[in-house]
Amino acid sequence: MCLKVHAPWAMPADTEAVGKVILEEGNVYRLIGEKLFDKFYEQDFVDFYSTEGKPCISPVILAFVTVFQFMEKLPDRQAAEAIRMRMDWKYALHLPLTYEGFNYSVLSEFRDRLLEHHAEGLVFEQLVQEFRALGLIKQRGRQHSDSIAMLMRVRHLSRLELVVETLRLAVAAALNANRTWAEQVIPPFWEDLYGERFVMQRHRKEEWAEYDKHVGEDGKRFLALVEGESAPAELKHLSEIQVLKTVWAQQFREAEGKIMYQTGTTYDGHAQIQTPHDPEARYSRKRIREWIGGKVQVTETEDEEYPHIITDIVATCSSQTDYEALAGIQDRLMERDCVPEKQYVDSGYLSGPNLATSAKNGIDLIGPPCPVISRQSKIPNGITTEQFTIDVDVQAATCPAGVKAKSDYGWKGKIRFHFPDEVCAACVLRSRCCVGTKGRTLCVGLTYPLLQKARQRQTTDDFKSDYHKHRSGVEGCLSSLVRGNGLRISRYVGNRKRHLQALFSGAAANLKRVSSWLAGNRPIRYHRPWALKSATS
């Protein structure tokens, strides 16, 4: 398809006349039609299309329809029907009342084009810039960040279900790619074993044992066939075959010429495949909650006299910690010129290196540091690291008894202090300080002073009042994304598509908030105090 670039077109007179009567001034689609639509240009999408071929649907229309989908949680078929039937959508996109729409498949093709050209955030970025131009984002204001789990539409699989399903999908992919070759090498009885989706509850325990006995060898044999010289070359590059190789390497080992399950290995949450139906989904756990899927990082403005606007949203692997994600969040905020003066986070984001990086970026990172858990902290009146006087600059430490120690060696970029064994053995504080047979050892990072300063600040009344007032709003933001935009459940397979979903969900949420704000509505703070004293005075 080719794109013949057109300038933003004016709204048809009949659409304008009907829309101004039907749509209220605070309607989000009226806001888009009157203030935002003509700020988007087809020229920004010209690289996504060929210079020759059949003319395509305007990518500006498709971009906004995609946002509308996430605004109303509509699938492609219903979105294509809505653009044909609904007056408010036509008003927003400057379309005539007689516009007949397009086939729903165009929407998935448009998303694929965005992914192919690494332009998932094009619409979100442009909307944030437009809101900045309207003066709706305060420069050097307050923002808060948090993450939310994104669940996959997949069932949690046992190890046996995982390996059988992986082999089944690989065999099916080979049959679809080259049936002639596959029928010659695949045993006919495999159709009974691997022809249908394997669910343990549908089989007896005796059958479980049979699968356990043979599936490892069957998978190894099939991989050998696919990688053999007689196998068609295209089979080796099938994604299902690559997943089969990875799963077999993670789940099986060869011993004494036999294939058996791996035992006693360390679980790698970054690489371990949980289901062949979505190989990039990962298992994660936060306190008592477990899920398979991803994670979405959200950053939102939180200033009085301004709307609450999402300035950054990104879908990540669920195994990525909040601590690891913060640097990327701040880098993107700097690129958008949306750097806050204060950024409120929970303890998962706060660390010495992040405090140092934030200070370098001119951001006051506000949050409670994680408590230090050590063996001494579990002893009554135990002497913890905080009770030592540590000078990172000269790499020296002094214990509560007045004994000094200098660092003897570094470890993973940290400073390690070791107090003399003989001095600690004779110390009257030993029972509260040392838990082993040797002297006390401390290990701190180069940013330890920043972390200590943050721990001291969190004990003040000013910190508690300020943090409670400005941090809690992010929970409402996450809740609105889940309830209003369906962000809890992933629509798609693959991390990049999940990231696209997050960005369009953020764009949809921002449009609703800005339209409400421009209509004169202001955020309401719930759970207000009763104010009985003022009422009775």
Side-chain angles (χ1 to χ4, degrees), residues 1-46 48-49 54-111 113-114 122-124 126-127 130-131 134 484-486 491 500-501 503-519 521:
M1 285 189 170
C2 70
L3 173 61
K4 305 298 183 182
V5 177
H6 300 88
W9 51 92
M11 186 180 299
D14 56 349
T15 303
E16 183 177 12
V18 176
K20 287 190 174 180
V21 174
I22 295 177
L23 302 177
E24 298 179 354
E25 291 189 3
N27 185 278
V28 61
Y29 297 108
R30 184 166 179 174
L31 165 73
I32 295 170
E34 295 177 356
K35 296 188 176 183
L36 292 175
F37 178 76
D38 57 1
K39 303 292 181 63
F40 284 75
Y41 301 93
E42 291 182 346
Q43 183 65 38
D44 297 334
F45 300 87
V46 70
F48 302 172
Y49 295 88
K54 182 180 178 181
C56 66
I57 305 295
S58 170
V60 174
I61 292 178
L62 297 178
F64 274 105
V65 169
T66 305
V67 175
F68 299 166
Q69 281 187 267
F70 289 94
M71 195 181 298
E72 302 188 17
K73 298 189 287 188
L74 299 178
D76 289 351
R77 293 175 186 268
Q78 292 183 15
E81 181 67 9
I83 191 63
R84 185 175 73 89
M85 299 294 296
R86 287 179 52 172
M87 169 65 217
D88 51 356
W89 284 32
K90 292 181 179 181
Y91 187 91
L93 303 180
H94 294 192
L95 297 174
L97 296 177
T98 56
Y99 183 72
E100 296 181 357
F102 46 77
N103 188 275
Y104 69 91
S105 62
V106 174
L107 292 171
S108 63
E109 293 173 359
F110 175 71
R111 294 193 298 269
R113 290 181 187 274
L114 292 179
L122 181 62
V123 177
F124 178 83
Q126 173 116 18
L127 285 174
E130 293 299 332
F131 297 150
L134 291 172
N485 305 102
R491 288 183 173 216
L500 180 143
Q501 176 182 346
L503 287 164
F504 274 100
S505 297
N510 281 342
L511 281 173
K512 289 192 287 187
R513 295 177 182 191
V514 169
S515 63
S516 178
W517 179 271
L518 295 179
N521 301 320

Can you tell me how far the CD atom of Glu72 sits from the CH2 atom of Trp89, to the nearest 0.5 Å?
5.5 Å
Find the distance between CG (Asn27) and CD1 (Ile22) and round it off to the nearest 0.5 Å.
10.5 Å
Count the heavy atoms belonging to other residues, nucleotides or ligands that lie under 6.0 Å from CD of Glu81, then report whether that count exceeds 12.
yes
Just verifying a value: how many Å separate Phe110 CZ and Ile57 CD1, rounded to the nearest 0.5 Å?
12.0 Å
Are any of the side-chain heavy atoms of Phe64 and Val123 separated by less than 4.5 Å?
no
Report the relative orientation of the aromatic rings in Phe70 and Phe504; use parallel for angles under 30°, tilted for 30 to 60°, perpendicular for over 60°.
parallel
Roughly how far apart are Arg513 CZ and Leu518 CG, rounded to 0.5 Å?
14.0 Å
Will you find, in the side chains of Tyr91 and Glu34, an N or O donor that is under 3.5 Å from an N or O acceptor?
yes
Backbone of Leu511 reached by a side-chain donor or acceptor of Ser515 within 3.5 Å:
yes
For the side chain of Gln501 and the backbone of Arg491, is there at least one donor-acceptor N/O pair under 3.5 Å apart?
yes
I want to check something: taking the side chain as every heavy atom from C-beta on, are Tyr99 and Ile83 in contact at a cut-off of under 4.5 Å?
yes
May I have the step-by-step check of side chain to side chain contact (heavy atoms under 4.5 Å, CB included) for Ile32 and Phe68, ending in yes or no?
CA-CA 11 Å; Ile32 295 170; Phe68 299 166; 3.4 Å; yes
CA sep, side-chain torsions, deciding dist, call: Arg30, Glu24, side chain to side chain contact (heavy atoms under 4.5 Å, CB included):
CA-CA 8 Å; Arg30 184 166 179 174; Glu24 298 179 354; 6.0 Å; no
Quick check: closest heavy atoms across Val60 and Phe40, and the distance to 0.1 Å?
CG1-CB, 3.9 Å
After noting the C-alpha distance and the side-chain angles of Thr66 and Gln69, does the key distance pass the side chain to side chain contact (heavy atoms under 4.5 Å, CB included) rule?
CA-CA 5 Å; Thr66 305; Gln69 281 187 267; 4.2 Å; yes
Pair Asn510, Leu127 - check side chain to side chain contact (heavy atoms under 4.5 Å, CB included), show working.
CA-CA 8 Å; Asn510 281 342; Leu127 285 174; 5.7 Å; no
On a heavy-atom basis, the closest approach of Ala519 and Gly26 is CB-CA, 3.2 Å
Arg86, CZ: over 12 other non-hydrogen atoms inside 6.0 angstrom:
yes
Contact between Val46 and Tyr41 at the side-chain level, heavy atoms closer than 4.5 Å - yes or no?
no
Check Ser58 against Glu42 and note the closest heavy-atom contact, atom names and distance.
OG-OE2, 2.7 Å
For the atom pair CZ (Phe131) and CD (Gln126), what is the distance rounded to the nearest 0.5 Å?
10.5 Å
Can you tell which of Cys56, Pro55, Cys2 makes a side-chain contact (heavy atoms from CB on, under 4.5 Å) with Tyr49?
Cys56
Flag, side chain of Lys90 to backbone of Leu95, donor-acceptor distance under 3.5 Å
no
Look up atom CG in Leu93 and atom CH2 in Trp9, then write down how far apart they are to the nearest 0.5 Å.
8.0 Å
Is the side chain of Lys39 donor-acceptor paired with the backbone N or O of Glu130 at a distance under 3.5 Å, no angle test?
no
Should Arg113 and Glu109 count as an ion pair when the cut-off is N to O under 4.0 Å?
no
